[in-house]
There are 2 protein chains.
Amino acid sequence: MREFRKSVRVLLIDDNQDHLRGVKELITLESSYEVISTTTSANLGINLIKKYHPDLVLMDINMPEKDGLQAIQEIEKLELGTKVIALSGYDDSDLIFRAMKLGAKGYILKTMASAQLIRAMDEVSQGKVYLPAVLSSRFFEYFQASYKEETSMSEENLLNYLTAREEEVLDLLTQGNNYKGIASKLFISETTVKTHVNNIFQKLQVNDRTQAVLYALNNGFSNKRRKVKIA
Amino acid sequence: MREFRKSVRVLLIDDNQDHLRGVKELITLESSYEVISTTTSANLGINLIKKYHPDLVLMDINMPEKDGLQAIQEIEKLELGTKVIALSGYDDSDLIFRAMKLGAKGYILKTMASAQLIRAMDEVSQGKVYLPAVLSSRFFEYFQASYKEETSMSEENLLNYLTAREEEVLDLLTQGNNYKGIASKLFISETTVKTHVNNIFQKLQVNDRTQAVLYALNNGFSNKRRKVKIA
DNA sequence: TAATATTTAAATCTTTAGATTGATAAAAAG
DNA sequence: CTTTTTATCAATCTAAAGATTTAAATATTA
C-alpha cells in the first residue's frame, strides 16, 4: 500500500530576490515540498511563521537588516516545532557553530549542489539534524578547540589548592552571595567567611570576589561541581 | 608521477582479544596502514603511545579496567598529535558527546561495516574529524539539547536594555576590573563609571558587580561581544 | 603521639563599592 | 525643532569588602 504523505510546508527567507526565486523553483520540482511563502525580510519572516506555522524554514543568515542568527533564536523561542535550515555564503566555523548552537537543524552553503539542499531538507523534515560532511568536520574542529582550553588548562589549576570548605565558600560566591549570605548558608560567622574568602584570594592570586568568581568559572569550577553531583 | 605516501602507523587498544585480531586483520589488508602494536590495556596503550608516537589510535572506550574516555583525555594531554578514533558498542549520545569533547577525532560503532571504519581512518588521518551521519545526527541532538536551556532562558534578556557605553563598562567588569581600572581604560572619570555601573545594576536587577558579571555570563554576554569584535 | 592542616572566630583598619541627588552637553528620536 | 536618551562629572554618605594579626579547637597525617 502506498503511504500517503502530506507535503512538507516550507517558508523561504532570503534578502536576495534572485536566490529566493531560484530556490523556490528548485523546491517546487520536488513533489513532497510545498513553498507556502517567501520573503526578503527576517522580521516579516518571523511574522509569517507565527501565522502559518511552516514545517521547515530555509533562511539566509547573511542578511544586513537583521542578524540571521538572532532570527533563528527568535524562531526557536516560539517553540512551534519549526525546523530551520541555515543558508549561508560562508563556511565560517564560528557561524556554523553558533547557528547550530541556537538550534538550526541544518546548515547549507549556497555554493553547494541543489541535491545537497534537498538531502538536508529530507533529513531535517524527518526530524534529524543534518550537516554535510565538509561542514560537520569544520564544526567539530571548532567544537573541540573550544573545549581544548579547559582540558589542557587543568594541568596546574589553582582551584586544586582549595580546601573543601573553601570550595563551598567559592561555590556560594559564584552564586552571587555576599558575606552575610554565605555566613547564614554555612551557619558560620561572617568573620569566618571573610577569613575563607581571603584565603581563597591568596590561593587563586586574585584581588577581589569578582576576579575569584571569574577564575573559578574559567577554570572548570562549575564543571567540577556538576561532575560531583552526577557521579 | 605517483605520490609516495608513508603508511599511517596505527595502534589498537581493545580489551576484547577477538575483536582486536579482527580489526588488525582488516587493517592489514589496507596498504596505507600499518598496525605497529596492539594491546588489551588502556594503561599499556598510553605507554606504547609515549614510546612509538603512532599517527592513529583505535580505542575501545567500553573497557572495564580504565575508563576509555579518561584514556582519551590522557592521550590528548600528551599533545603528540596522535589522533584517536573511539570504538564503541553503543550509540549512546552522551558517550559520543563526551568522547568528541575530549578530543576524539572519530567515533565508530563496532557493529558498523568495516568500510565505515576505513572511511573514518582515511578522513581522520588526513586531519579531519569524522562521524558517520547517523552518529553526527545523534551528537547534534545532544549538543542542541544542552544549549536549549540557555537559549530559552533568555525570554526577556535584560542585557538588551543596556546602552552601548554600559555594555563596554560591563565588558570590563566581566574582565575583573575595578572602578579605577575601568575609568582609565575608557578615559573617563571614576564617578562616571560609578554612574554607569549603578545604571547597569538597575537594568539587570542585581545588587553588586559580581551578580552583574554572573548575569552577563549566564545570558550570552560574552557571545555578543565576540560577534561585535568579528563583524 | 607529635606535627601539620583545617576550620572556626574576633578585632581593627583601610579601601572599595554602592546609593543618591543633582547637573550639563551632546546625540538621537519624535 | 522640541523632547528624550545618553554620556559625562561631582559631592556625599553608608555599607560592604578586603587586609592583617592573633588564636583556639578540631582533624589529619606522618
Side-chain angles (χ1 to χ4, degrees), chain A residues 43 64-67 156-219 221 224-225 228, chain B residues 156-218 221 224-225 228:
Chain A
N43 288 322
E65 175 209 350
K66 182 163 210 166
D67 186 12
E156 187 67 358
N157 194 331
L158 297 177
L159 291 172
N160 295 139
Y161 298 133
L162 299 182
T163 68
R165 199 55 161 171
E166 285 162 357
E167 282 192 351
E168 286 187 84
V169 172
L170 181 54
D171 186 43
L172 290 171
L173 278 180
T174 63
Q175 287 168 34
N177 290 284
N178 58 15
Y179 286 134
K180 203 178 294 178
I182 297 173
S184 73
K185 272 159 196 162
L186 295 182
F187 305 105
I188 55 179
S189 83
E190 214 170 313
T191 60
T192 303
V193 179
K194 286 194 179 193
T195 306
H196 287 310
V197 170
N198 270 289
N199 289 333
I200 291 170
F201 291 168
Q202 299 301 315
K203 291 185 178 179
L204 301 188
Q205 297 167 21
V206 298
N207 303 311
D208 55 54
R209 63 181 54 211
T210 306
Q211 291 178 1
V213 166
L214 287 169
Y215 185 92
L217 297 182
N218 291 328
N219 291 85
F221 184 72
K224 187 180 290 181
R225 294 259 110 200
V228 174
Chain B
E156 189 66 359
N157 197 330
L158 299 176
L159 291 172
N160 295 138
Y161 297 133
L162 299 182
T163 67
R165 197 54 159 175
E166 285 163 358
E167 282 191 351
E168 286 186 84
V169 172
L170 181 54
D171 185 44
L172 291 170
L173 278 180
T174 62
Q175 288 168 35
N177 291 284
N178 58 14
Y179 287 134
K180 203 180 292 179
I182 296 172
S184 73
K185 272 159 196 163
L186 294 182
F187 304 107
I188 55 180
S189 85
E190 215 170 313
T191 59
T192 304
V193 178
K194 286 195 177 189
T195 306
H196 286 311
V197 169
N198 271 288
N199 289 333
I200 291 170
F201 291 169
Q202 299 301 316
K203 292 185 179 180
L204 300 188
Q205 297 166 23
V206 297
N207 304 311
D208 56 53
R209 62 183 52 212
T210 307
Q211 291 179 0
V213 166
L214 287 169
Y215 185 92
L217 297 182
N218 290 329
F221 184 72
K224 189 178 291 183
R225 288 267 105 198
V228 174

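In the set C:dA9, D:dC9, D:dA16, D:dC9 carries the atom at the smallest distance from any side-chain atom of B:Ile188. Closest approach to the A:Asn198 side chain among D:dT20, C:dA17, D:dA7 is made by D:dT20 (side chain taken as heavy atoms from C-beta onward). Closest to the A:Phe201 side chain, of the nucleotides D:dG18, C:dA19, D:dA7, is D:dG18. For B:Thr192, counting side-chain heavy atoms from C-beta on, the closest listed nucleotide (C:dT7, D:dC9, C:dG18) is D:dC9. For B:Thr195, counting side-chain heavy atoms from C-beta on, the closest listed nucleotide (C:dA10, D:dC9, D:dG18) is D:dC9.
As rounded to whole Å, 14 Å separates atom P of C:dT16 from atom CG of B:Asn177. A:Tyr161 has its OH atom 13 Å from the P atom of C:dT6, to the nearest Å. B:Gln211 places its CD atom 12 Å from the C1' atom of C:dG18, with the value rounded to the nearest Å. In this structure, CD of B:Glu190 is placed 13 Å from P of D:dA11, rounded to the nearest angstrom. In this structure, A:Ile182 places its CD1 atom 14 Å from P of D:dA16, rounding to the nearest Å. A:Glu166 places its CD atom 7 Å from the P atom of C:dT6, with the value rounded to the nearest Å. At whole-Å resolution of the value, CG in B:Asn199 and C1' in D:dT5 are 11 Å apart. To the nearest angstrom, P of C:dA26 lies 16 Å from CZ of B:Arg165.
Ranked by how close their nearest DNA chain D nucleotide is to the 5' end, A:Asn178 and A:Gln202 are led by A:Asn178. When each of A:Asp208 and B:Phe187 is assigned the nucleotide of DNA chain D bearing its nearest heavy atom, the one mapping closer to the 5' terminus is B:Phe187.
Between A:Thr191 and C:dA9 there is no side-chain polar atom (N or O) within less than 4.0 angstrom of OP1 or OP2. The phosphate of C:dA5 (OP1 or OP2) has no side-chain N or O of A:Thr163 nearer than 4.0 angstrom.
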